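Being a predicted model, the structure only gives us computed values, none of them experimental.
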Amino acid sequence: MRDSVMRQVRRYRFDRNPLRRRSDRLESLALLVAVLLVLLSAWPAVAAGRQAYQSAASAGAGGRLQVDATLLADVPVSPTSFGSLSRGGPVEARWTLPSGQEHTGQVRAPALAKAGTTVRIWVDETGRPALPPPSALEVRITGVVTVLLVMLGAVAAVLIALAAFRWLVDRGRYRAWEDAWSLIDERRRRRRS
């Protein structure tokens, strides 16, 4: 492992080796630029992660609040495709906002809950049932995943650009190689004739 790493370092280092072609030096420079671009992409990735974290944190409650809802009917028992009882479902309920305004609508309730049971639900600013706000862990995960995705995108873009550059450089090398062999073949033909 160490030998292969050292071989790669020797292959791409900058030195005054007379056997290194201009294309070899350009490839070494391109690799250096690629490494620097990947390192520089960490700053935008962290900035994007911080923005995603702050957006998720500020959207946290986002005008949502928890209220007690009273079920107006029993939760229906229905077999699932596996033959067991369901884990609950939507049922009609009534709840009151802190402003005193009453609302009625469908809420998710535990299986086998009876009418009159009180369940805690999240509602939006208009009083309609809403999804619960993300937990602190979910907010952190959002930030970390954003950082990783931005870094992954940057690394992929840099690797694609580096591969395209190397392909162009290799085409030039192969062309020069063919020209050199053509020149040698021409010299041989001249000697024979």
Side-chain angles (χ1 to χ4, degrees), residues 1-64 80-82 86-87 90 108 122 124-125 128-193:
M1 171 83 175
R2 182 171 178 245
D3 291 337
S4 65
V5 170
M6 290 308 293
R7 193 176 310 124
Q8 292 299 322
V9 168
R10 279 192 302 270
R11 178 179 177 192
Y12 290 111
R13 72 179 176 197
F14 293 99
D15 59 9
R16 298 198 184 278
N17 185 341
L19 297 177
R20 284 198 198 276
R21 300 166 289 192
R22 181 175 177 260
S23 61
D24 295 330
R25 288 185 173 82
L26 283 174
E27 190 174 359
S28 296
L29 181 63
L31 186 63
L32 178 65
V33 168
V35 168
L36 289 174
L37 285 175
V38 167
L39 292 175
L40 288 174
S41 70
W43 178 77
V46 169
R50 179 176 289 155
Q51 180 65 32
Y53 174 82
Q54 289 171 346
S55 294
S58 66
R64 291 177 273 196
T80 63
S81 59
F82 299 105
S86 69
R87 295 186 177 159
R108 299 242 352 129
W122 286 93
D124 61 16
E125 53 275 345
R128 287 182 291 199
L131 293 172
S135 68
L137 178 63
E138 291 170 331
V139 170
R140 285 189 199 109
I141 288 173
T142 299
V144 169
V145 166
T146 302
V147 169
L148 293 176
L149 288 176
V150 170
M151 282 299 296
L152 183 66
V155 168
V158 167
L159 288 177
I160 289 170
L162 184 62
F165 179 79
R166 288 187 70 185
W167 179 77
L168 288 172
V169 168
D170 284 343
R171 282 188 65 195
R173 286 177 184 148
Y174 295 142
R175 202 174 313 117
W177 185 258
E178 287 294 325
D179 292 345
W181 276 112
S182 296
L183 185 63
I184 290 171
D185 284 343
E186 189 177 315
R187 286 181 186 167
R188 281 186 192 162
R189 281 189 216 123
R190 285 184 196 162
R191 284 184 198 162
R192 287 183 186 166
S193 12

inquiry  = Are the side chains of Tyr53 and Thr142 in contact, using a 4.5 Å heavy-atom criterion?
reply    = no

key: Among Arg192, Glu186, Arg188, the one residue meeting side-chain contact (heavy atoms from CB on, under 4.5 Å) with Arg190   = Glu186

key: Ala52 versus Thr146, closest heavy-atom pair with distance   = CB-OG1, 3.3 Å

note = Test side-chain contact (heavy atoms from CB on, under 4.5 Å), reference Arg175, set Arg173, Glu178, Arg171, output is Arg171

request  = Provide the closest heavy-atom pair for Pro134 versus Ala56 in the form atom of the first, atom of the second, distance.
outcome  = CG-O, 4.0 Å

task = Determine the minimum heavy-atom distance between Pro90 and Arg108, stating which atoms define it.
result = CD-NH1, 3.6 Å

query = For Ala34 and Leu162, which heavy atoms make the closest approach, and how far apart are they?
reply = CB-CD2, 4.2 Å

inquiry  = Give me the atom names and distance for the closest heavy-atom approach of Ala130 to Arg64.
reply    = CB-CD, 3.9 Å

remark   = Which of Leu37, Leu31, Leu36, Val35 passes side-chain contact (heavy atoms from CB on, under 4.5 Å) with Val33? It is Leu37

note = Tightest non-hydrogen contact, residues Val150 and Ala48, listed as CG2-CB, 3.9 Å

request  = Drop me the distance from Leu152's CG to Leu159's CG, to the nearest 0.5 angstrom.
outcome  = 9.5 Å

